[in-house]
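Data first, discussion second: the structure below is written as structure tokens.
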Amino acid sequence: MLFQAASKQCHNGNPMRAFFVPFIQDALRSAGIETDKDILIEKPTEKKFGDFSTNIALLLAKELKKNPRTLAGEIMEHFAFPEGTVVKTDVAGPGFINFHLEPAFIMRTVRDVLSEGESFGSNPAGKGQGAIVEYVSANPTGPLTVGRGRGGVLGDCIANLLETQGYDVTREYYFNDAGRQMQILAESVRYRYLEQCGMTVDFPESHYQGDYIRNIAETLFIEHGDELAKSESLSVFKETAEGIIFDSIRKTLARLSITHDSFFNEHTLYKAEEGGISPNQAVIEALDAKGFISKFDNATWFLTTKLGQEKDKVLIKSSGDPSYRLPDIAYHVTKFNRGFSLMVNVFGADHIDEYPDVNEALKILGYDTGRIRVAINQFVTTTVGGQTIKMSTRKGNADLLDDLIDDVGADATRLFFIMRSKDSHLNFDIDLAKKQSKDNPVFYLQYAHARICSLMRMAGNEIGFNADSATGEGLDVLDSEVEIELASALLDYPDVIQSCLRFLEPQKMVEYLHGIAELFHKFYQECPILKADPAIRTARLELSLCVRRVLRNGFTILGISAPESM
RNA sequence: GUGCCCGUAGCUCAAUGGAUAGAGCAUCAGCCUUCUAAGCUGAGGGUUACUGGUUCGAGUCCAGUCGGGCAUACCA
């Protein structure tokens, strides 16, 4: 919602689109048409329909009770575009108005890419506002699995996208080292430790089976001998396991350039604040005051049936411990109290039921839940040689994220995780990701960048072209079809960022960059660069620089490297 | 049973309610004496799971049917 408004007004998107809006508004006014409809400028599906089009006549036809084509013709008569911008307008199809642009106009506009550089595509819409993106948030019960990686990369990209909009972004990892799962973890380590001490133990099926448990037990045995076998206390097992596992999680994330600014321990929500009550207790009392709390069966319940849900939900179990819901609500209260104006939660489809309760509770407590956006990613299956691998952390047969990175590299891991819509189940084809060839989208994108870098090296050596001081002054001599198409596509980059944010979907960036790479390769194939006449040569080098700029900016958002040579 | 996601070319996937539904892979046919062939060009391939509805217009929205995944805990 926050981004929809911005995008509809065309202020942050493609500079060409922003150009049209006031002229269309003027034309409507001159034609005596009053409307508050958003003026949508889009790129036609086919080149013969021109460079841009608007469906405004189609939108207005109904309320004005006119044939859309006739209406389009009437609006068109009132256009007053400046010299050297729009060559031709026409009406086509059911009533689209198509604009054909002067090539030089596009080429002059694409200079923005060079002058704005790293900040091309950015805008200060979120300036002065805090945003928090919560992602990964795996409890330290085991190494990260492939499935977790998808959410991690998704969250990281969303954070990158928000940074381009000027937000002060906090990347947060929420975890719990006090719950039942951690208890089981500690017990699992203890069992393996006792095995190390030479005892025979009946290892429960419900416990963590993975080899990493044995490794932790071994570490403890080397350090302490069998001394720990005497004590019934689990704390040393728990703490050691947590330390080692968290360390490994952070290392794995770091390999994918995923970092967090803050690690929020759920347990802090259980502790009373100075001279007061705990954040958990505060939530209970606040909900109670609104009449949504009841105690029965020895537990404390959140009366969600009052909100039309099928069942009430337990907030405090009969054991006296909170269920995960209570700290979750309290956690979100802290986000509001910390002053974030935008909160993005990234989690996997298995947590789908978690969010609605939190949302309802926050609403009851008077918080503006419109500031929260949830990105839920569907599951990942990996395939090797056509065989799919199923995973389960508990059984220890999970495909580990670390193994995947070892196998295909960090860039491919990241790109593959986000090159499909988060709503689709991801089929991670390991064979494809490993391929060092054009079939692999990672290489296709990076190759385009490396090719440009190579070009710039040669241009520097042979003709003393200085890529750093290029301004794009000479770009408007270019007028071939592929050059115009490429330049025009580069100007879409800001739109793509807006679109990614609107849908919390970096996948759109991958697809866009693929299109840019494709157009560049075509341009490179069709247009001689270094061998062209000096004016054309300079312009083509400048256009290549614009492409490199957009690729780099996009790679930064996706978090993949931009190799100078391959 | 109920809730959420998905169903589009042989395969993996795109497509703000807009024009003739697009890419890549695979298949077939071409392009290196020439700035990186890790590239480019062309061809074939579709009842958008099914049935209705809403409207100028539906892959997209609504209802239902069928199929797959996830969730339906006093686990997180």
Side-chain angles (χ1 to χ4, degrees), chain A residues 4 7-8 40 42 44-46 48-49 53 55 58-59 61-62 67-68 92-96 98 137-139 141 174-176 179-184 266 297-301 309-311 313-325 327-328 347-356 376-379 381 383 386 419-427 429 432 435-441 443-444 446-448 450-451 453-455 457-459 462 499 502-503 507-508 510-511 514-515 517-518 520-532 537 540-541 544 565-566:
Chain A
Q4 227 145 29
S7 141
K8 273 187 182 167
L40 185 66
E42 47 188 6
T45 46
E46 283 189 57
K48 68 176 177 188
F49 296 134
S53 72
N55 66 346
L58 289 162
L59 293 178
K62 194 173 188 183
N67 176 299
F96 289 98
N98 295 333
S137 295
N139 287 338
T141 57
Y174 175 72
F175 72 102
N176 178 19
R180 174 156 172 69
Q181 299 303 325
M182 291 302 287
Q183 181 80 11
I184 293 174
E266 177 186 321
D297 295 344
N298 274 327
T300 304
W301 298 76
Q309 292 193 26
E310 259 178 52
K311 281 195 262 181
K313 303 291 171 62
V314 170
L315 291 184
I316 300 178
K317 302 184 255 183
S318 52
S319 66
D321 298 319
S323 77
Y324 66 90
R325 269 183 209 93
D328 242 21
F347 43 64
D350 54 337
H351 286 229
I352 186 84
D353 275 0
E354 190 171 319
Y355 174 66
I376 294 169
N377 63 278
Q378 297 297 315
F379 276 9
T381 50
T383 64
M419 72 184 198
R420 302 295 179 223
S421 158
K422 66 180 188 304
D423 293 330
S424 288
H425 294 257
L426 176 67
N427 187 349
D429 185 338
L432 177 63
K435 257 191 197 170
Q436 309 252 325
S437 82
K438 65 179 176 176
D439 309 351
N440 185 340
F443 283 85
Y444 188 77
Q446 293 182 329
Y447 178 57
R451 224 176 189 186
C453 290
S454 162
L455 203 54
R457 281 191 297 272
M458 295 184 78
E462 288 175 20
S499 180
R502 192 157 62 243
F503 299 101
Q507 181 264 336
K508 292 170 190 300
V510 179
E511 196 164 298
H514 193 276
E518 192 171 27
F520 174 74
H521 288 310
K522 185 175 177 180
F523 158 69
Y524 183 91
Q525 192 81 19
E526 287 182 15
C527 306
I529 299 170
L530 296 176
K531 285 168 185 153
R537 182 177 62 193
R540 286 181 176 158
L541 284 167
S544 302
S565 64
M566 292 173 73

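Within every chain, numbering begins at 1; the chains are lettered A, B, ... in the order of the sequence lines, protein sequences first and strands thereafter. Hydrogens, waters and symmetry mates are skipped; everything else that's a heavy atom, side chains included, is used. Quick caveat: nothing in here was measured; it's all calculated off a predicted structure.
Environment of CD in A/E462: crowded, with over 12 heavy atoms of neighbouring residues, nucleotides or ligands closer than 6.0 Å.
If you take CD1 of A/I316 and P of B/C75, they are 13 Å apart, rounded to a whole angstrom. In this entry the distance linking CD1 of A/I376 with P of B/C70 reads 15 Å, nearest Å.
Residue A/K317 has no polar side-chain atom (N or O) positioned under 4.0 Å from OP1 or OP2 of B/A73. Applying the 4.0 Å criterion to OP1 and OP2 of B/A73, one finds that A/K313 has every side-chain N and O outside that range. OP1 or OP2 of B/C74 has not a single side-chain nitrogen or oxygen of A/K311 nearer than 4.0 Å. At the phosphate of B/C40, OP1 or OP2 sits under 4.0 Å from a side-chain N or O atom of A/Y444. Taking only side-chain nitrogens and oxygens, A/S424 comes nearer than 4.0 Å to OP1 or OP2 of B/A14.
A/E266 comes within 4.0 angstrom of sugar-phosphate atoms only, judged by non-hydrogen atoms across all strands, and of no base. At the heavy-atom level, A/N176 lies under 4.0 Å from the strands shown only through sugar-phosphate atoms. As judged by a 4.0 angstrom heavy-atom cut-off over every strand, A/E526 is placed among residues making no nucleic acid contact. Counting non-hydrogen atoms under 4.0 angstrom, A/C453 reaches nothing in the nucleic acid. Residue A/H521 is classed as a sugar-phosphate contact, given heavy-atom separations below 4.0 Å to backbone atoms only. Note on A/K422: nothing from the nucleic acid sits closer than 4.0 angstrom, heavy atoms only.
Rounded to whole Å, the separation between the C1' atoms of B/A58 and B/U48 comes to 11 Å. Rounded to a whole angstrom, the distance from the P atom of B/A19 to that of B/G59 is 9 Å. Rounded to the nearest Å, the gap between the C1' atom of B/A14 and that of B/U8 is 10 Å. To the nearest whole angstrom, the two C1' atoms, one in B/A9 and one in B/U51, are 24 Å apart. On the P atoms, B/C13 is 10 Å away from B/G7, given to the nearest whole Å. Rounded to the nearest Å, the gap between the P atom of B/G45 and that of B/G22 is 14 Å. Nucleotides B/A43 and B/C5, compared at atom C1', are 37 Å apart to the nearest Å. The same atom, P, is picked in B/G24 and in B/C40; the two are 8 Å apart, to the nearest Å.
B/C50 adopts an anti glycosidic conformation, its chi angle falling more than 90° from 0.
No side-chain donor-acceptor contact under 3.5 Å links A/N176 to the backbone of A/E266. A donor-acceptor pair is defined here as one N or O able to donate and one able to accept, closer than 3.5 Å; such a pair exists between the side chain of A/N440 and the backbone of A/L432.
A/L530 and A/M458 get closest at one heavy-atom pair: CD1-CB, 3.8 Å.
Atoms CD and NE2, from A/E526 and A/H521 in turn, are 13.5 Å apart once rounded to the nearest 0.5 Å. Expressed to the nearest 0.5 Å, how far CZ of A/R540 lies from CD1 of A/I529 amounts to 7.5 Å.
Of the candidate nucleotides B/C74, B/G24, B/C35, B/C35 has the atom lying nearest to any side-chain atom of A/L455. Of the candidates B/C40, B/C74, B/G3, B/C40 carries the atom nearest the A/E518 side chain, counting heavy atoms from C-beta on. Checking B/C13, B/A38, B/G18 against the side-chain heavy atoms of A/M566 singles out B/A38 as nearest.
Stacking is found between A/F49 and the pyrimidine-like six-membered ring of the B/A19 base under the 5.5 Å centre-distance and 30° plane-angle cut-offs.
No N or O donor and acceptor, one from the side chain of A/Q378 and one from the base of B/C6, sit under 3.5 Å apart. For a distance-only test at 3.5 Å, the side chain of A/S318 qualifies as a donor-acceptor partner of the base of B/C74. A donor N or O paired with an acceptor N or O is not found under 3.5 Å between the base of B/U16 and the side-chain atoms of A/K508. Below the 3.5 angstrom threshold, one finds no donor paired with an acceptor across the side chain of A/S137 and the base of B/A76.
Both distances falling under 3.5 Å, in either a Watson-Crick or a G-U wobble arrangement, place B/C4 opposite B/G69.
Cation-pi geometry between A/R451 and A/Y524 is satisfied (NZ or CZ under 6.0 Å from the ring centre, within 45° of the ring normal).
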